[in-house]
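As the structure is a computational prediction, the values presented were derived from the model and not from experiment.
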Amino acid sequence: MSALKTPIDYRGLEEELHAALVADELYKLQNDAKIRAIEQAVPTYEHFKQMVNGAHLKPLDRDDMKPKIGVKWNPLINIARPDSNASLKESICNKNNNENIAKRSHETCENFLQTWKTIADYSEKFTYMWNLRHSLQRYVFRIEIPASFLGDFINVCLQHLSRMDDVTSVVELLDVLSACNRFDLTVCFMTRDEQSACEQLFRQLQLKVGSSNESLERTIKSLAAKYQINLD
């Protein structure tokens with residue numbers, strides 16, 4: 001049969017076109033990531049490679065963190081119900097409120113972020129994170145840390161330090177986050193304002209510790225390097 005008389009495979013042509021468009025878009029994203037990595041002067045080739053390989057990924061939008069319609073996420077208030085079983089459950093929750101928050105929220109990153117958004121007070125946000133510190137790496141941020149959350153948490157730590165000299169707790173939480181999956185990539189996606197806030201946080205930690213605790217001072221410097229902050 002003549003090639004001119006062969007039926008045209010429109011579906012196959014459409015699939016080829018779609019694949020070509022996807023490949024072209026990926027090339028543009030990776031090329032932009034390379035330029036951005038060079039402009040940000042990433043410290044190692046590994047950082048550069050992770051930034052390029054993750055070029056197609058998009059950080060969670062703040063709208064993505066909003067609670068779903070019809071779902072109530074309130075870690076601070078237990079709504080009373082008329083039946084006796086509910087009253088008993090409420091009494092138990094009041095005794096172990098923070099533990100119940102952790103059990104309910106550590107299963108997925110989405111659940112965690114929904115609860116996080118309902119807490120307005122910086123101190124309560126910090127306490128919420130502290131209670132979940134053993135679940136963050138294994139459950140909450142098992143896949144990755146959303147870039148928008150990391151910047152928000154840095155601000156929470158700054159506010160927490162302004163109220164009390166709780167350096168050890170802040171350092172421990174920052175250390176836990178630095179061990180989470182794809183942490184280096186999340187740091188690469190921090191905005192300039194977030195990077196500035198991060199530097200301010202580490203300098204405050206360094207200032208509060210001073211030379212009174214050499215071990216903690218070394219830990220802060222080592223941790224700052226993971227967050228791409230130079231304290232020298």
Side-chain angles (χ1 to χ4, degrees), residues 59-67 73-77 97-209 216 219-229 231:
L60 285 177
D61 244 359
R62 294 196 180 275
D63 290 339
D64 296 331
M65 302 184 202
K66 292 181 180 179
W73 300 96
N74 195 332
L76 306 176
I77 301 175
N97 190 41
N98 288 331
E99 292 180 6
N100 289 334
I101 292 171
K103 289 178 182 178
R104 185 177 67 238
S105 303
H106 75 203
E107 296 177 357
T108 66
C109 182
E110 181 184 10
N111 288 347
F112 167 82
L113 292 174
Q114 287 173 339
T115 303
W116 175 264
K117 292 294 290 183
T118 67
I119 307 173
D121 184 75
Y122 285 106
S123 180
E124 290 170 2
K125 278 191 170 184
F126 188 86
T127 301
Y128 177 55
M129 278 287 288
W130 178 255
N131 289 333
L132 287 173
R133 64 190 182 282
H134 300 304
S135 301
L136 294 175
Q137 185 178 357
R138 185 176 178 183
Y139 296 104
V140 180
F141 302 130
R142 181 176 59 84
I143 298 176
E144 64 180 352
I145 303 173
S148 55
F149 166 78
L150 184 58
D152 194 15
F153 179 66
I154 294 298
N155 285 323
V156 167
C157 289
L158 279 170
Q159 293 292 330
H160 181 71
L161 277 181
S162 70
R163 297 181 183 182
M164 57 185 69
D165 294 332
D166 191 12
V167 173
T168 305
S169 297
V170 173
V171 169
E172 182 171 343
L173 284 177
L174 291 173
D175 186 47
V176 170
L177 290 181
S178 73
C180 290
N181 194 34
R182 302 176 72 179
F183 169 77
D184 290 342
L185 183 61
T186 302
V187 171
C188 286
F189 279 111
M190 291 177 70
T191 66
R192 291 185 181 276
D193 288 343
E194 289 169 344
Q195 290 172 346
S196 177
C198 191
E199 181 177 356
Q200 183 182 350
L201 172 62
F202 276 101
R203 293 201 179 280
Q204 279 198 24
L205 289 170
Q206 190 179 44
L207 183 63
K208 286 179 179 292
V209 172
L216 185 56
T219 299
I220 291 172
K221 285 186 177 181
S222 174
L223 198 55
K226 293 182 180 180
Y227 283 77
Q228 299 184 22
I229 301 299
L231 294 178

Just to verify, which of Val176, Leu173, Ile119 counts as forming a side chain to side chain contact (heavy atoms under 4.5 Å, CB included) with Met129? Leu173
Nearest non-hydrogen partners of Gln114 and Thr118, listed with the distance: O-CG2, 3.3 Å
So, Phe183 versus Phe141, ring centres under 6.0 angstrom or not? no
Taking Ser222 for the side chain and Thr219 for the main chain, is one N or O donor matched with an acceptor at less than 3.5 Å? no
So, taking the atom named CD in Glu144 and the one named OG1 in Thr186, what distance separates them when rounded to the nearest 0.5 Å? 5.5 Å
Locate the shortest heavy-atom distance separating Leu216 from Val209; write the atom from each residue and the value. CD2-CG2, 3.6 Å
When rounded to the nearest 0.5 angstrom, what is the spacing between OG in Ser169 and CZ in Phe126? 5.0 Å
Determine the minimum heavy-atom distance between Gln195 and Met190, stating which atoms define it. NE2-O, 3.5 Å
Do side-chain atoms of Tyr227 reach the backbone of Leu174 as a donor and acceptor pair under 3.5 angstrom? yes
Rounded to the nearest 0.5 Å, the CZ atom of Phe189 sits from the CG atom of Asp184 at a distance of 12.5 Å
Point-to-point distance, once rounded to the nearest 0.5 Å, from CD of Gln228 to SG of Cys198: 9.5 Å
If you count every heavy atom of other residues, nucleotides or ligands that lies below 6.0 Å from Arg203 atom CZ, does the total exceed 12? yes
Taking the side chain as every heavy atom from C-beta outward, state whether Asp166 and His160 have any pair of such atoms under 4.5 Å apart. yes
Should the heavy atoms of other residues, nucleotides or ligands under 6.0 Å from CG of Leu231 be counted, would the total exceed 12? yes
Closest approach of Lys208 and Val167, non-hydrogen atoms and distance? CB-CG2, 3.7 Å
If we ignore hydrogens and angles and just use 3.5 Å, is the side chain of Gln137 paired with the main-chain N or O of Ala179 as donor and acceptor? yes
From Lys117 atom NZ to Lys125 atom NZ, the distance as rounded to the nearest 0.5 Å: 6.0 Å
Classify the angle between the aromatic ring planes of Trp116 and Phe149 as parallel (below 30°), tilted (30 to 60°) or perpendicular (above 60°). perpendicular
Would you check if the side chain of Thr127 reaches a backbone N or O of Ser123 as a donor-acceptor pair within less than 3.5 Å? yes
How close do Leu158 and Ala197 get, heavy atom to heavy atom, and via which atoms? CD1-O, 3.7 Å
What's the separation between atom CG in Asp175 and atom OG1 in Thr168, rounded to the nearest 0.5 Å? 12.0 Å
Heavy-atom closest pair (Leu205 atom, Val170 atom, distance to 0.1 Å) is CD2-CG1, 3.9 Å
